[in-house]
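Inspection log for the structure reproduced underneath, given as structure tokens.
All of these numbers come straight from a predicted model, not from anything done at the bench.
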Amino acid sequence: MKEIKKKNWYVFYTSPRAEKKVNEYLLSLGYESFLPLKSEFKIWRNRQRKLIKSPLFPSYIFVLATRNDIFDINLLLCYLCRSSCCNFRQ
């Protein structure tokens, strides 16, 4: 019998202000990722108003992957493991 690889949600740390690029990259590789965005109006010095979508958690992205897949993601700087698999990171 084939062993079914269980997918879990993992949190990755990215370069500052690179969350959207990393999300696009992961989607192009076929991974399912989640990047929560918040919308807010910014008012510039010339009184121009603009709707900006920025990450809810700056520098973090959530990825649905198997344990073996996390090593294939090479644009990310740091892998933050969950408490149940902290001994996995060596």
To the nearest 0.5 Å, how far apart are CG in Asp69 and CG in Asn8? 11.0 Å

To check you understand the geometry: which heavy-atom pair defines the closest contact between Ser28 and Tyr25, and what is its length? OG-O, 2.6 Å

Distance, nearest 0.5 Å, that separates CG of Leu51 from CZ of Phe41: 5.0 Å

How close do Ile61 and Glu19 get, heavy atom to heavy atom, and via which atoms? CD1-O, 4.1 Å

Any side-chain heavy atom of Leu56 within less than 4.5 Å of one from Lys38? yes

With a 6.0 Å cut-off on the ring centroids, do Phe62 and Tyr10 count as close? no

I'd like to know whether Thr14 forms a side chain to side chain contact (heavy atoms under 4.5 Å, CB included) with Lys21, so could you lay out the CA-CA distance, the side-chain angles of the two residues, the decisive distance to 0.1 Å, and finally the verdict. CA-CA 10 Å; Thr14 66; Lys21 293 275 185 185; over 6 Å; no

About how many Å separate CZ of Arg67 and NZ of Lys6, when rounded to the nearest 0.5 Å? 10.5 Å

Between Ser59 and Pro16, what is the shortest heavy-atom contact and its length? OG-CA, 3.6 Å

May I ask whether Leu27 and Tyr31 are part of the same hydrophobic cluster, defined by side-chain heavy atoms of I, L, V, M, F, W, Y residues being less than 4.5 angstrom apart, directly or through others? no

So how far is it from Lys50 NZ to Ile43 CD1, rounded to the nearest 0.5 Å? 14.0 Å

Residue pair Tyr13 / Tyr60, side-chain heavy-atom distance below 4.5 Å: yes

Considering non-hydrogen atoms only, spot the tightest contact between Lys53 and Lys20 and give its length. O-NZ, 2.6 Å

